[in-house]
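Reviewing the structure listed below.
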Amino acid sequence: MDYSHKSIEQKWQKFWAENGTFKTAESTEKPKYYVLDMFPYPSGAGLHVGHPLGYIASDIFSRYKRLKGFNVLHPMGYDSFGLPAEQYAIQTGQHPAITTETNINRYREQLDNIGFSYDWSREVRTSDPSYYKWTQWIFMQLFNAWYNKETDKAESIETLITKFETAGSQNINAESDEDVLTFTAEEWKAFSEEEQQRELLKYRLAYLRESTVNWCAALGTVLANDEVINGVSERGGYPVEQKKMMQWSMRITAYADRLLRGLDTIDWPEPLIEMQRNWIGKSVGASVKFPVPQLDTNIEVFTTRVDTIFGVSFIVLAPEHELVSALTTDAQKAEIEFYIDKTSKKSELDRMADTKTVSGAFTGSYAKHPITGEDVQIWIADYVLAGYGTGAVMAVPSGDQRDYVFAKHFNLPIIPISDSQNIEEEADPNKDGKYINSGFINGMTYQEAVPALISKLEGLKLGKAKINFRMRDAIFGRQRYWGEPVPVYFKNDLPYLIKEEELPLLLPEVDKYLPTETGEPPLGRAENWKYQDQYEYELSTMPGWAGSSWYWFRYMDPKNAESFASKEATSYWKAVDLYIGGSEHATGHLLYSRFWNKFLKDLGFHNEEEPFKKLINQGMIQGRSNFVYRLSNFGTINSDVKFNNIIVSYNYYKAFIDYFNSSKLDEIYLGQDGFYEDINQEILIFSLDKFGKDLANIVFAKDSSLERLTLRYNSFTPLHVDVNIVSNDILDTEKFKSFRPDFADAEFVLEDGKYICGTEVEKMSKSKFNVVNPDDIIANFGADTLRLYEMFLGPLEQSKPWNTNGIEGVYKFLRKVWRLFHDAEGNFNVSDEEPTKAEYKALHKIIKKVEDDIERFSFNTSVSAFMICVNELTDLKCNKRKILQDLIIVLEPYAPHITEELWALLGNEAGTISYAVYPKFNPEYLVESEFAYPVSVNGKMKMNLPLALDLDAKAVEEIVLGNADVQRYLDGKAVKKLIFVKGKIINIVV
RNA sequence: GCCUAGGUGGUGGAACUGGUAGACACGCAGGACUUAAAAUCCUGUUCCUGUUAAAGGAGUGCGGGUUCGAUUCCCGCCCUAGGUACCA
């Protein structure tokens, strides 16, 4: 019987599903291992070959870990709230739940075809009420919590209330809004309920506040900073404007430092850690106050270089700074207003792009230097950002390049502050020298000056050490329908949680999925949707990242109705051991998930500080488009002749283009014999000879009265051609005619009888006809081939274009595996004889290799090693059970269907190969007496020495000299030096 | 600009801590089997010089360096991809 991937794969996929082969339970006998994929948003387009790349890798890893005796949790689900289903609903009126359900079913079918070992009994869907009940519940916990900096963790809001009741607001060290009140215990108790709630809201981790948001009118919603790319929405590319709105926010900044420190404890790709680090953006420095006596206030600045304070020659405020108008003198008023007006008209994009022009305006006012008391000019300029630090900086032109440029431009003083500075051309921020012109720190080093200054400023009550973060609190509301409702109602404009037993707060039905006439979110359309028929519910829904910020917990205990996951489940499965997904989630999902994980830990629901111990980013699979080149834009003498359906092979096209590029001609002419440079058909172009003749044959056969054709650089138009009718870049011309019926009578100018297509790497998209569907590959070659080939394509973490060219090689390999178990007639034929040494060697090489490769996620090299191994066994005509059985266990993670079939043919119980024991590597089989390795002599010549010399360095000298081969080679020369590496002779110096 | 990763045949890529560069696969060329096709198998395939061959030379983006020996380590530069953007 031949290898029939179709029947084998269907048979085993059915078997696994019916027998629950991959159902996982908590087990005390085996160590646990949790392998997680980033769950997909089920889009209408279905999966293309790029999607399963990471899933295949994680499946290989899961299956490998099972063979290694681990109890593996490997689940899958759907991040099923999201915009596309809602957009579709707006257009068609179909409920997003229906669209989502349809798409999920399609995804499931496609995933099943690939033979993943998911435990589908643990599937989760974020849009399922039994799931989002717990998303809402977590929101409630966040609302009911504050961050105590004293204990460095989140606590129940009750502990804060107790503190307020006993000692008022003093001694509270909390993460909060900036405008918190100061009050005593008595004052607190005297507050009205409303006042108390208003105050508590400033401390809650989920809180409401007026904030400037990225409002996208086209999408009718608010976007997070990371959903806005270059001023337009990430999804759809619509313009985004700044708008003030009451918004739910998450106090993720409370966790900034823990999020940063945690990065050192996890095994993630360096670029990703770096991205999170930059995103959090911690800078250590000082906050310094510059008194402004005339207004009886201070200007607070943040600096990372408090040591340069004596170099301050002016202060710069952001144009939006609140003190600007008060500081502006009458004389400067016109100038300042003009400047503010000018910068406010600049879009965010312009302000970003234009970093060269120096601009700013003097307010006319002065502040006092906190230490010297001297007058310091106050300026405004748009290089200072209102959103970072305090929106004001102390300018030190000698130490900061931007300040330097600004000072030069406006002719402000530049004060050198260090004896090692060179400020002739530009600012010099070095910290190496001793200070000059710096009052009491003159002569000190950087290390001495900083603490001295901090304590001085603290003594003056004009400054203190401070740490600043770039990260902002995350906005947690969308004016959308298809998301989790926020379990909140409003009484006197203040938010209150609904009762826990009333969860889930179900998404109500609406007549349309659009905002209401009054501009409320779609939920405003829900009729009679009121808490206890009295109070308005919150009308915004949660953002896309809500449901994905805790889903790995739900897989641990997916059916639990009492909690999001039981303590037993979380303490058994702990954290995710291996997480595979794309790097595009670096500052979104991966950051929010870490935040919620830490929060839930603080409340005691589990014990893991970090959710994902090891993370791998799989690369993107790009599309590889194919092109054909159609003759167009040409001239004829009699203009009624048309040749719009002649299509030339790629290399002709390329030669043609190259010719134009090198010859710099505007036109060339096609005559009966080929291409000519001149209109009189005298100078024949030999480099395009064959092409010209082939093309002429077709053209002049169509119209013999024609004298010549005039062709220009753009005379051939590239057309996208469906990659599915192209194989190894050779076009199936018959299929092309049905692909483009408008070219049914097309004629092809072939090279060597073939039509070769041009190629280009582009994004995979329908319009470029370069989408490759895994189902098609599976139909032709099978799931095992797809799995192996996706791995074979290159390193997992690298982005690469999809290219089906090499898939034959992998398919051939699987057939060779099949043939090892079958004789020439196709009958199953495995012998019980004892294998030879060579056979054991081939086997043990692959056992070791695959083990090493999988542990370091180098799946592509394993596939090559499998090919070598099977070629060796084929050459040895090996059909020994002892070899083949171990071989298929090692291969099982990569190609589970064929191995499962062969496993059963060997007489093992059906469906048990996944839980077989990974064969033990025995190094003895790899040792061979004839093994030799190269050495060089005087670093140049090369020769092979027998393994007999592969000994401990001390013993070698004698043996070398006594070795016949070496003696013959060295021909009596005296050996001066022997160089050893790892006990082997590498070089002999004579 | 800054941060990170990378640059190896016609192509995808291999070489794991410095030790025969180009494994494996695709493609290509030639051959075997076959009436033929498919399938399968065998041989060759980095480039240059050389009539085949023997042999020699060059060679991992470019220029230097360390080393007996560098795709691998160091310095400078060029290019590509991803991230980030006046962060005080």
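These numbers come from the heavy atoms of this one structure, side chains and all, not from hydrogens, waters or symmetry mates. What you see is a predicted model, and the numbers here were worked out from it, not measured in a lab. Note on naming: letters A, B, ... go to the chains in the order of the sequence lines (proteins, then strands), and numbering restarts at 1 for each one.
With B:A85, B:G12, B:C86 as the choices, the nucleotide that has an atom nearest any side-chain atom of A:Phe792 turns out to be B:G12. Comparing B:C41, B:A14, B:C26 by their nearest atom to the side chain of A:Asn860 picks out B:A14. Which of B:C3, B:G12, B:A25 sits closest to the side chain of A:Leu793 comes down to B:G12. Relative to the side chain of A:Asp875, the nucleotides B:A15, B:C42, B:C26 differ in distance, and B:C42 lies closest.
As rounded to the nearest Å, B:G6 and B:G12 have C1' atoms that lie 16 Å from one another. On the P atoms, B:A29 is 14 Å away from B:A38, given to the nearest whole Å. Across the P atoms, B:A32 and B:G22 are found 30 Å apart, a figure rounded to whole Å. Between B:G18 and B:G10, the distance separating the two P atoms is 28 Å to the nearest Å. A gap of 13 Å separates the P atoms of B:U40 and B:A25, to the nearest Å. Rounded to whole Å, the C1' atom of B:C79 lies 10 Å from the corresponding atom of B:C62. Comparing B:G44 with B:C3, their C1' atoms are spaced 47 Å from each other, to the whole Å.
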Fill in the blank from the handout: Its dot-bracket string being built from Watson-Crick and G-U pairs below 3.5 Å, with | for another strand and [ ] for crossing, RNA chain B has the pattern (((((((..(((......[....)))((((((.......))))))((((.....))))..(((((..]....))))))))))))....
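Under a 3.5 Å cut-off, the side chain of A:Asn626 and the backbone N or O of A:Val723 do not form any donor-acceptor pair.
Note that CG of A:Leu615 is 8.0 Å distant from CD1 of A:Ile266, once rounded to the nearest 0.5 Å.
Looking at A:Asp403 and A:Tyr383, their side chains do bring a donor and an acceptor atom within 3.5 Å of each other.
Two rings, from A:Tyr653 and A:Phe627, have their centers 6.0 Å or more apart.
Minimum heavy-atom separation, A:Ile423 to A:Ser398: CG2-O, 3.6 Å.
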